[in-house]
Student: 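The structure's right below; bear with me while I get my questions together.
Ligands are counted one by one from 1 in listed order, and the atoms in each one are counted from 1 as well.
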Amino acid sequence: MSEPAAIVALSGGVGGAKLALGLSRVVAGAELLVVANTGDDFEHLGLTICPDLDTVTYTLSGLANLELGWGRADETWGFMAALEQLGGETWFNLGDGDLALHLLRGERLARGDSLSSVTRAVTERLGIAARIVPMSDDPVRTYVRTADGPLAFQHYFVRDRCEPAVGGFEFRGIEGARPQAEFIAALAADDLRAVVITPSNPFVSIDPILELPGVRRALADAAAPIIAVSPIVGGQAIKGPAAKMMAELGMPGSALAVAEHYGGLLDGFVLDRVDGEQAEAVAALGLRPLVTGTVMRSLADREALARDVLAFADALRRVD
Ligand code: FO1
C-alpha cells in the first residue's frame with residue numbers, strides 16, 4: 001500500500017490556523033482536512049458569526065489580518081462607524097469585508113444549507129485546496145463558568161476581555177451534536193497519516209471538538225498517531241487566555257500540564273525548546289515527546305513546524 005497521506009488537524013483560532021497554514025504548504029492540498037472549533041460561534045446582530053472557521057479560512061486564503069489575529073487584512077470599518085452612529089452594539093467589531101462573509105453565510109443557513117456546505121462553497125471560491133470543515137453541523141455554544149454565572153464565550157473573550165476568572169466550561173448542545181461527517185470518515189480511513197492537535201487553547205478550542213459524541217472513540221480507533229503541539233511556551237500562551245485559564249483552574253501553566261490535560265489520547269507531544277527540560281516528564285506520561293521550535297513568527301516557521309510534526313508522526317507510526 002502507498003504511504004498514508006491524509007492529515008486531520010484540529011484547530012481553534014490564531015495559533016491553530018498558523019500551523020494549519022504550515023501543513024497546507026507541506027502536504028498536497030486535499031490531503032489536509034482542517035476541523036475548526038465552532039463553540040466560539042454566536043448569533044450577533046442577526047448574523048451567525050463563526051470566528052475559528054473564519055480565521056482558518058482567511059489564513060489559508062491569505063486574506064487574514066495578521067495584526068489582529070482575526071478578520072480580514074486591509075479592512076475598512078464603515079459599517080461599525082454607522083452602527084455606532086445609530087446606537088447599535090459595537091463591542092464586537094465587524095469589518096466591511098468580513099461582513100460580506102457573515103451575510104452570505106446567514107442567507108445560506110437561513111435557506112437550510114449546512115454550515116459544512118456554506119464553508120465548502122466559500123473555501124472553493126477562495127481557491128483553498130485544503131478542506132476546512134466545522135467540527136459539527138449542529139450548534140454547540142461554549143459558555144465559561146464564572147463567579148457571576150455562565151458567560152457566553154464572546155462575551156467573556158471580547159466584551160469582558162477575558163477578565164472574569166474561569167471555573168470551568170459548558171459546551172451547550174454538545175450532547176446532541178454529531179461530529180462532522182468528513183471528519184469522522186477521515187479518522188476511520190486507512191490512508192490517515194496523522195491527527196494533529198494544533199497549538200490552540202485546549203479548553204475552549206480543542207476540548208469542544210474532543211467532547212463531541214463519538215470523537216474520542218474515533219480517535220482511539222484511528223490508525224495513525226495523534227500528536228498535540230503545546231500552546232504554552234515558557235509558561236505563557238503565545239496569544240489568548242490559555243495560561244490565565246490554567247492558573248484559575250488550579251493547573252500549573254506549563255506545557256507538561258497541557259500534555260496531562262490531553263492525557264492518554266495522545267501518542268506524541270511537541271514542546272518548544274525553552275520547555276525541553278519537561279520532555280522527560282512528558283515521556284513519563286507514556287507520551288513520546290518532541291522538542292523543537294514551536295513559535296511561529298514567519299511563514300517559514302509555520303512550514304518548519306509542520307514538517308517536524310509530520311516527520312514525528314511518521315516515526316511514531318513506524319514504531320507502533
Ligand atoms: N476579537 C476581539 O478581541 N475583538 C473583536 O472585536 C473581534 C471581532 C471579531 C469578528 C469576527 C471574527 O471572526 C472574530 C472576531 N474576534 C474579535 C476574534 C474572536 O473573538 C476570536 O477569534 C475567537 O472567538 C477566539 O479564537
Student: Can you give the donor-acceptor pairs under 3.5 Å from side chains of residues 298-311 to other protein atoms, not counting sequence neighbours?
Tutor:
{"from": "Ser298", "atom 1": "OG", "to": "Ala300", "atom 2": "N", "distance (Å)": "3.3"}
{"from": "Ser298", "atom 1": "OG", "to": "Asp301", "atom 2": "N", "distance (Å)": "2.9"}
{"from": "Ser298", "atom 1": "OG", "to": "Asp301", "atom 2": "OD1", "distance (Å)": "3.2"}
{"from": "Ser298", "atom 1": "OG", "to": "Asp301", "atom 2": "OD2", "distance (Å)": "3.3"}
{"from": "Asp301", "atom 1": "OD2", "to": "Arg297", "atom 2": "N", "distance (Å)": "2.8"}
{"from": "Asp301", "atom 1": "OD2", "to": "Ser298", "atom 2": "N", "distance (Å)": "3.0"}
{"from": "Arg302", "atom 1": "NH1", "to": "Arg297", "atom 2": "O", "distance (Å)": "3.2"}
{"from": "Arg302", "atom 1": "NH1", "to": "Ser298", "atom 2": "O", "distance (Å)": "2.9"}
{"from": "Glu303", "atom 1": "OE2", "to": "Arg25", "atom 2": "NE", "distance (Å)": "2.4"}
{"from": "Glu303", "atom 1": "OE2", "to": "Arg25", "atom 2": "NH2", "distance (Å)": "3.3"}
{"from": "Asp308", "atom 1": "OD2", "to": "Thr292", "atom 2": "OG1", "distance (Å)": "2.6"}

Student: Starting from the C-alpha separation in whole Å, work towards a yes-or-no answer on ring-ring contact (aromatic ring centres under 6.0 Å, His included) for His155 and Phe42.
Tutor: CA-CA 10 Å; His155 286 167; Phe42 77 131; 7.0 Å; no
Student: So do Gln154 and Asp40 actually touch side chain to side chain, heavy atoms under 4.5 Å?
Tutor: yes
Student: Testing the 3.5 Å rule here: is there a donor-acceptor pair between the side chains of Gln180 and Ser116?
Tutor: yes
Student: Remaining members of Val295's ILVMFWY cluster at a side-chain heavy-atom cut-off under 4.5 Å?
Tutor: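 Cluster partners of Val295: Val233, Ile238, Val274.
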Student: If you link I, L, V, M, F, W and Y whenever their side-chain heavy atoms are under 4.5 Å apart, who else ends up in the same group as Leu66?
Tutor: none
Student: Between ligand 1 and the protein, find all N/O pairs closer than 3.5 Å and give the distance for each.
Tutor:
{"from": "ligand 1", "atom 1": "1 (N)", "to": "Trp70", "atom 2": "NE1", "distance (Å)": "3.4"}
{"from": "ligand 1", "atom 1": "6 (O)", "to": "Asn93", "atom 2": "N", "distance (Å)": "2.9"}
{"from": "ligand 1", "atom 1": "6 (O)", "to": "Asn93", "atom 2": "ND2", "distance (Å)": "3.0"}
{"from": "ligand 1", "atom 1": "20 (O)", "to": "Gln154", "atom 2": "OE1", "distance (Å)": "2.7"}
{"from": "ligand 1", "atom 1": "24 (O)", "to": "Asp40", "atom 2": "OD2", "distance (Å)": "3.0"}
{"from": "ligand 1", "atom 1": "24 (O)", "to": "Gln154", "atom 2": "NE2", "distance (Å)": "2.7"}
{"from": "ligand 1", "atom 1": "26 (O)", "to": "Asp40", "atom 2": "OD2", "distance (Å)": "3.4"}
{"from": "ligand 1", "atom 1": "26 (O)", "to": "Asp52", "atom 2": "OD1", "distance (Å)": "3.1"}

